[in-house]
Structures are given as structure tokens and as C-alpha cells.
K.L.:
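Pasting a structure here, questions to come.
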Number of protein chains: 2
Amino acid sequence: MSRTTLKDIAEKVGVSVTAVSRALSGYPDISEETRNRIFRIAEELNYQPNIAARTLVTQKSGVLGLFVLGREKGEGFSHPFSGQVINGFLDGLVEQGYDMMVFKANRPPDSGSSSYIDLCRRRMVEGAFLMGLRTDDPWITDLKSSSIPIVTMDMPLAGEMTFSVGCDNVSAVHAAVRHLADLGHTRISIVNGYTQASVSLERFEGYRSALDDLGLPFDPSLVAEADFTVAGGKEAFLTMIDRTPDITAVFAASDLMALGVLEGARELGLRVPKDLSVVGFDNIDMASMSSPPLTTLDQPRYELGRTAAKILISACNGDTPPSRVLLKANLIVRGSTSERNKGKSAKGVVRQAR
Amino acid sequence: MSRTTLKDIAEKVGVSVTAVSRALSGYPDISEETRNRIFRIAEELNYQPNIAARTLVTQKSGVLGLFVLGREKGEGFSHPFSGQVINGFLDGLVEQGYDMMVFKANRPPDSGSSSYIDLCRRRMVEGAFLMGLRTDDPWITDLKSSSIPIVTMDMPLAGEMTFSVGCDNVSAVHAAVRHLADLGHTRISIVNGYTQASVSLERFEGYRSALDDLGLPFDPSLVAEADFTVAGGKEAFLTMIDRTPDITAVFAASDLMALGVLEGARELGLRVPKDLSVVGFDNIDMASMSSPPLTTLDQPRYELGRTAAKILISACNGDTPPSRVLLKANLIVRGSTSERNKGKSAKGVVRQAR
DNA sequence: CTGTTAGCGCCTTCAA
DNA sequence: TTGAAGGCGCTAACAG
């Protein structure tokens with residue numbers, strides 16, 4: 001393991017351990033000469049500080065925690081959305097000299113599992129970033145009263161030491177619906193995510209307010225709910241279009257669900273965008289590669305992760321960062337949306353396909 | 001931070017710190033009664049052991065390291081391949097009571113950066129799993145002589161403490177080429193990855209040996225090399241098909257490149273699979289969602305990660321796991337491959353498209 | 001069964 | 001500018 005210690009260096013140089021510690025930590029109160037000798041020997045011995053020891057005395061580990069919740073199939077690390085967020089988070093924290101520890105947290109917690117906070121305390125983790133937290137998480141109250149800073153993705157928690165990053169979902173969806181309306185669509189449906197994700201509420205609000213602003217009537221039967229997956233999106237779409245075949249546009253609250261809608265439309269013989277316009281959310285890599293490529297709302301994933309790191313570190317340093325940071329999600333228009341086709345209604349196609 | 005300590009419990013219970021330590025660590029030499037008292041108080045105080053302190057004395061951190069190399073755009077965490085591997089690795093190690101620390105390693109290393117091993121030593125990391133290591137990595141020799149166990153993905157290292165997991169690329173590609181040949185294809189090209197990935201060599205070998213076994217001539221002009229990305233795959237394919245328009249099938253060494261081939265084919269007006277059959281490698285989520293869905297070689301990603309954890313931990317315990325574990329990649333036949341179309345050659349289509 | 005002693009490697013007063 | 005002493009929280013002998 002960590003062979004060389006301060007003591008080894010001290011002996012070889014002929015000074016005290018204290019002197020070596022101070023020299024290596026960059027304190028000024030050490031003579032130029034001995035400092036150089038110390039550095040030379042340290043280098044020679046390939047000295048690496050034992051951070052466990054340092055942590056023990058300073059009470060700071062230099063570690064930030066990452067919780068990627070909901071790691072079932074297709075979620076968590078393997079979700080096309082997470083990767084870039086994690087990249088951003090990691091880059092942001094390494095830049096400030098921190099390291100990252102990743103925790104697995106089962107949901108629902110099995111009998112023996114500890115709260116996120118407890119997991120952090122054992123390792124003296126200084127702050128944590130939680131992705132994929134749901135409103136029905138059993139540890140929510142625990143998080144709110146945390147004494148170490150917590151940054152959540154997409155879900156504000158209203159605690160002393162809790163912060164959140166996310167996109168301005170309301171205005172983003174608003175823009176998407178407006179885009180659809182501008183193309184002449186009036187029967188615009190929404191395939192939303194499940195209610196336990198707080199983004200779902202915000203996205204619905206964006207949808208709802210856009211309709212109002214645009215003078216379009218709200219029809220509850222144009223609202224479907226799915227689980228953010230391809231299969232779920234497809235199913236929700238098929239059920240809905242069967243009920244209300246006059247839909248000419250759908251906003252899906254995630255690209256995966258939008259891809260599901262595309263699949264469903266294909267099965268029904270509906271041509272996208274000719275017979276049906278589709279807008280997604282996230283701009284995952286896949287979005288530009290489907291046929292047709294997806295019009296979607298681009299979330300600045302890398303930047304979201306980076307921001308989380310920045311907030312966390314600033315809170316660790318005793319500063320008081322904003323408790324909520326909202327980045328903008330930009331509408332990217334691709335091939336899955338177009339002018340409403342007035343000649344032919346999806347109605348006929350659907351009926352015929354059945 | 002970690003408020004409650006063994007001392008707190010000891011005082012409250014009226015025993016020595018040692019007794020508490022032993023009770024909590026599950027040693028048998030403690031009376032049933034005091035043990036119970038200790039547990040009760042520990043629970044009451046929500047005691048969490050300070051692992052830094054424990055690490056310092058036991059010289060074992062209970063931490064395994066993960067290096068996700070090549071984190072440029074579209075690589076590393078955001079690569080569609082990595083997620084499930086990481087899920088598997090994390091699950092495997094948590095099951096054994098370990099935690100995971102993720103390190104960022106720039107490539108090429110900037111002046112101040114440390115070797116992977118040094119990074120581990122500072123944190124007393126007991127073993128590490130490296131994904132995305134390339135043959136030209138500057139720290140290869142360092143890794144080979146590592147004193148802590150190292151598991152690499154896809155790249156055997158021939159060191160005392162180095163192990164590797166991966167798929168049997170040779171036989172996998174062999175099967176893919178045979179599949180194509182069975183469909184009547186004789187002009188089968190390969191869009192391989194770059195040479196710095198050791199899988200590329202193995203996949204080429206599989207291609208080469210399959211041709212031999214099938215009695216098909218090897219034509220160097222049917223071999224292209226790209227960077228594992230969609231854009232790279234597309235470009236390599238377009239260049240190649242322009243040179244040798246009689247190709248009727250292509251094996252791409254990654255799904256992303258295969259998707260690029262699909263894109264290129266579409267641009268040329270080549271219909272897949274009618275005019276051109278395409279096989280990918282990896283079976284990433286996207287593979288089943290392209291049109292047509294991709295015939296590909298499925299790598300058991302989750303299992304690969306899990307295996308890495310298993311090997312690492314067994315090596316940490318002083319056992320000697322196999323230095324190389326090869327899992328099988330299974331051919332999944334989907335819509336991108338079909339019988340060779342003898343009537344119409346791609347030749348004409350290509351010429352005409354230019 | 002239980003307590004005492006002695007560090008793990010490092011940082012931080014406090015003196016010199 | 002340097003060194004000695006003490007302690008972070010825990011575990012591991014060694015006694016009793």
C-alpha cells in the first residue's frame with residue numbers, strides 16, 4: 001500500500017515530521033533550502049499522502065458523493081441522460097481537488113439499508129448529489145434536515161442545506177407547445193412522466209399554461225402518463241390515440257417516450273411528421289438518430305452536472321449558493337415536427353389500422 | 001459530521017471503548033447482555049463508524065476504484081456501452097461490502113497528473129477497474145507492475161496483479177461473418193475500430209479467420225478503420241463503398257459505427273437490408289430502435305461489470321482468480337441483415353448516387 | 001469476558 | 001525557521 005510516509009521522508013532528510021508536513025502542504029514558514037530537499041526526497045520516494053490519516057485529523061475527506069437512484073433496467077447509469085451529467089459533475093469536482101464516491105441505494109430500501117446521509121457520514125463525505133430522486137422517496141425528510149450539503153437533480157427540497165439544479169421545465173414545455181401550435185396544431189397531446197418525478201408536474205404546468213396562452217382548450221383526454229421509457233411511451237400513445245384519433249401532435253416528456261410514440265405511430269401506419277408531429281425532451285444522443293430525427297428540448301446535461309458540483313463545493317466552503325439553479329432547455333427543431341396536414345386526418349388512418 | 005463515536009457509546013454504557021468496538025464488530029467474546037446494551041445505545045445514538053479511522057489502522061479502505069477513460073464527448077460515462085457495465089460492477093462490489101470511488105484520468109496526462117496507481121494509493125483504494133484503456137496509454141507499465149489488483153476491460157496486461165474481463169471477440173465476429181455468409185454474401189467488409197483498442201485486433205482476427213474457414217478470399221480493400229463513433233463509421237463506410245461498390249454486407253465493430261453505416265447507406269439510397277446487410281457489435285439500447293433494427297453481437301454488459309468486481313475482490317482477499325475471463329457475445333439477428341439480393345447490385349445504386 | 005496500552009499517518013497548537 | 005507533544009477514531013495485541 002501507501003509505503004512512504006512523512007516519517008520516512010523526515011528521517012532521510014534529517015528533519016522532523018512536522019517540518020515535512022508543513023513543507024509539503026505549502027506553508028511559508030520553512031526555509032527555501034530544506035523545502036527543496038524535502039520535495040526532492042518526496043519525489044524520489046514517490047510519496048503519496050495517506051488521505052485517510054489526513055481525513056481523520058482535519059475532519060474533511062475531500063470526497064463528494066453521487067447517488068444514482070432508480071438503477072433498474074434502463075435507469076441510472078445506463079440511462080442515456082445520466083452520462084453527461086455525471087461527466088460534468090466529475091469534472092467540476094476534480095477541478096476543485098475533490099474525489100467522487102458513488103453509492104448504491106436500493107429503492108425501496110431493504111431492511112438493513114441506511115439513509116443517504118448515514119452512508120455519507122461513515123465515509124465523512126462532505127456533500128452529495130442525488131439523481132433520480134422521487135417525491136415518494138422514504139428518505140426525503142432525512143435529506144431535508146441534512147447537515148451536509150445536498151444537491152438534488154430536478155427536485156427542490158426546501159431544507160437548510162439542500163439545493164437543486166434542473167431545467168426550467170415550465171418555460172421549456174411552453175416553447176415546445178407553442179412550436180406545435182405555430183405549425184397549426186390544435187389537438188396537442190402530452191405523454192407525461194409519472195407523478196413521482198417532480199419534473200412531471202412542472203412539465204404539465206408548462207403544457208397547461210401554453211394552451212391557455214395560445215387560446216387552445218384543455219382536454220383531459222389528451223393527457224397520458226407513462227414511465228419515461230420507450231415501451232411506456234408507446235403504450236400510452238397507442239391507448240390515447242385510440243380514444244382520441246384526432247390528435248395531430250404529441251409532446252412527450254422524454255425522448256425515450258417520444259421514441260416510443262414514433263414506434264407506435266409507425267405501427268399504426270401514421271407518418272411522422274406528415275400525419276403526426278412529435279416533440280421529445282432531453283435531446284439524448286439517440287434523438288438525432290431516429291427516423292425522423294426528433295424535435296426536442298435540449299437539456300444542458302454536462303452543465304447541469306457541473307453546476308451541481310459547483311454548488312456543492314461552495315456550500316461545503318460555508319458559502320450560501322442559491323438554493324435552486326434553473327438552466328434553460330432549448331428547443332431543437334428536427335424532422336419530427338411539421339405543419340399540420342389538413343387534408344388528411346389521423347383519424348382515418350387509425351380507424352383503418354384497427 | 002460523524003458525531004457519535006465509540007467513546008460516546010462506551011461512556012453511556014459504562015464499558016471500555018474496546019468492548020464497544022468488539023461488540024459492534026461482531027466478536028464473540030462479549031457477554032450477551034453488554035452486547036445488547038451496546039447495540040441499543042448505538043442505535044439510539046445513530047452511531048456510524050468513522051471509516052477513515054478504521055482504514056488507518058486496518059490498512060484496508062473497503063474501496064474499489066473505477067477509471068472510466070476516454071471521457072471525451074460521447075465516450076466514458078456517456079457512452080451507451082458503459083452504463084450497464086458500471087451497474088454490474090457497482091452491484092457486485094456493494095454486495096461484498098465495498099464502496100466505489102470514481103477517478104477522473106485525463107488522457108494524455110497533463111503534467112501534474114498521477115498514475116492510476118498513485119491515485120489509488122492516496123485513498124488506500126484496494127483495487128481498480130479500468131474501462132476504455134488503450135494500448136498506447138502512458139501508464140501501462142505502471143499498471144503491469146501494480147501491487148494492488150487491477151482489472152481491465154477488454155485489455156489483458158500480463159502483470160502479476162492484473163486481470164481482464166471481456167468478450168470472446170474472435171469467435172463472436174466469426175459467428176457474425178458466418179451469419180452473413182450463410183445469407184449468401186461473399187463481399188463482406190469490416191468497419192473496424194482503431195488499432196489502439198485491443199478489441200480491434202481480436203475482431204479483425206475473427207473476421208479474417210471466418211473468411212478462411214468459409215473459403216472466402218480476403219480483400220484488404222474491404223477493411224476500413226474508424227473511431228467507434230457514428231460519424232466515423234459513416235465516413236469510413238462511404239469511402240469504402242465508393243472504392244468497392246460491390247460490397248453487399250458490412251460488419252461494423254460497434255453498434256455506433258453500424259448506425260453510421262445505416263446513415264451512409266440511407267444517403268446513398270441503399271436499402272438495408274435489401275441492398276446491404278449490416279451487423280453491429282455491442283447490442284446497445286439504440287440497436288433495437290434503429291430502422292431497421294440492428295443485427296448485432298450482444299455483449300453481456302452487466303455481467304462483465306459484475307465479473308470485474310468479483311475478480312477484484314477475490315484478488316483483494318489473496319485468492320488468485322483467472323487472469324482473463326472471456327464471456328460469450330451472442331448474435332442477435334434483427335432486421336438489418338437478409339439474403340443477398342442477387343438481382344440488383346449495390347454497384348449501380350452507388351454509381352448513380354454519385 | 002473485559003480493560004489497558006499502543007499505535008495507524010497526519011495536522012496543529014505551542015515552545016524553542 | 002524548526003521540533004515536541006497531543007490527538008483525530010478506531011482496532012489489535014496483551015493482560016487480567
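The chains referred to below are lettered A, B, ... by the order of the sequence lines, with proteins before strands, and numbering in each begins at 1.
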K.L.:
In whole angstrom, give the distance that lies between atom CG of A:Asn36 and atom C1' of D:dT1.
P.N.:
15 Å
K.L.:
Taking only N and O in the side chain of A:Ser21, is any of them less than 4.0 Å away from OP1 or OP2 of C:dT12?
P.N.:
no
K.L.:
For a side-chain contact (heavy atoms from CB on, under 4.5 Å) with B:Thr307, tell me which candidate from B:Val325, B:Val151, B:Leu326 qualifies.
P.N.:
B:Val325
K.L.:
Mind calculating the distance between NZ (B:Lys60) and C1' (C:dG9) to the nearest angstrom?
P.N.:
19 Å
K.L.:
Using a cut-off of less than 4.0 Å, is there contact between a side-chain N or O of B:Gln59 and OP1 or OP2 of C:dG9?
P.N.:
yes
K.L.:
Does a donor on one side chain sit under 3.5 Å from an acceptor on the other, for A:Ser21 and A:Thr18?
P.N.:
no
K.L.:
Examine D:dT2: is either OP1 or OP2 under 4.0 Å from a nitrogen or oxygen in the side chain of A:Thr18? Give yes or no.
P.N.:
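Checking D:dT2 against A:Thr18, no side-chain N or O comes under 4.0 Å of OP1 or OP2.
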K.L.:
Near DNA chain D, under 4.0 Å by heavy atom, which residues of residues 51-58 of chain A?
P.N.:
A:Leu56, A:Val57
K.L.:
Just so I know, are the side chains of A:Phe77 and B:Leu90 near enough to count as touching, which here means a heavy-atom distance under 4.5 Å?
P.N.:
yes
K.L.:
Do other residues, nucleotides or ligands put more than 12 heavy atoms under 6.0 Å from B:Glu44 CD?
P.N.:
yes
K.L.:
Would you give the length of the straight line joining atom CG of A:Asp154 to atom SG of A:Cys167, rounded to the nearest 0.5 angstrom?
P.N.:
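Spacing of CG (A:Asp154) from SG (A:Cys167) equals 7.5 Å.
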K.L.:
Return the value, rounded to whole Å, for the distance between atom CD1 of B:Ile30 and atom P of D:dA12.
P.N.:
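Rounded to the whole Å, the gap is 14 Å.
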K.L.:
Check the phosphate of D:dC10 against B:Tyr47, side-chain N and O only, distance under 4.0 Å to OP1 or OP2. Yes or no?
P.N.:
yes
K.L.:
Would you say that B:Phe129 contacts B:Leu93 through its side chain, given a criterion of any heavy-atom pair below 4.5 Å between the two side chains?
P.N.:
no
K.L.:
If I take atom NZ from residue A:Lys104 and atom CZ from residue A:Phe67, how far apart are they, to the nearest 0.5 angstrom?
P.N.:
13.0 Å
K.L.:
Roughly how many Å is it from CD in B:Glu32 to C1' in C:dT2, rounded to a whole number?
P.N.:
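Rounded to whole Å, this separation is 16 Å.
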K.L.:
For B:Asp29 and D:dT11, what is the distance between atoms CG and C1' respectively, to the nearest whole Å?
P.N.:
13 Å
K.L.:
Take the protein atom CG of A:Asn50 and the nucleotide atom C1' of D:dC8, then report the distance between them rounded to whole Å.
P.N.:
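Taking CG of A:Asn50 and C1' of D:dC8, I get 13 Å after rounding.
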K.L.:
May I ask you to evaluate whether A:Tyr27 reaches the phosphate of C:dT12, defined as a side-chain N or O under 4.0 Å from OP1 or OP2?
P.N.:
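It does, given that an N or O in the side chain of A:Tyr27 lies less than 4.0 Å from OP1 or OP2 of C:dT12.
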K.L.:
Quickly work out the A:Arg22 CZ to C:dG9 P distance and round it to whole Å.
P.N.:
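Nearest whole value for this atom pair: 20 Å.
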K.L.:
Expressed as a whole number of angstroms, how long is the span from A:Leu6:CG to D:dG3:C1'?
P.N.:
14 Å
K.L.:
Heavy atoms only, 4.0 Å cut-off, all strands: where does B:Val17 land among base, sugar-phosphate and nothing?
P.N.:
base
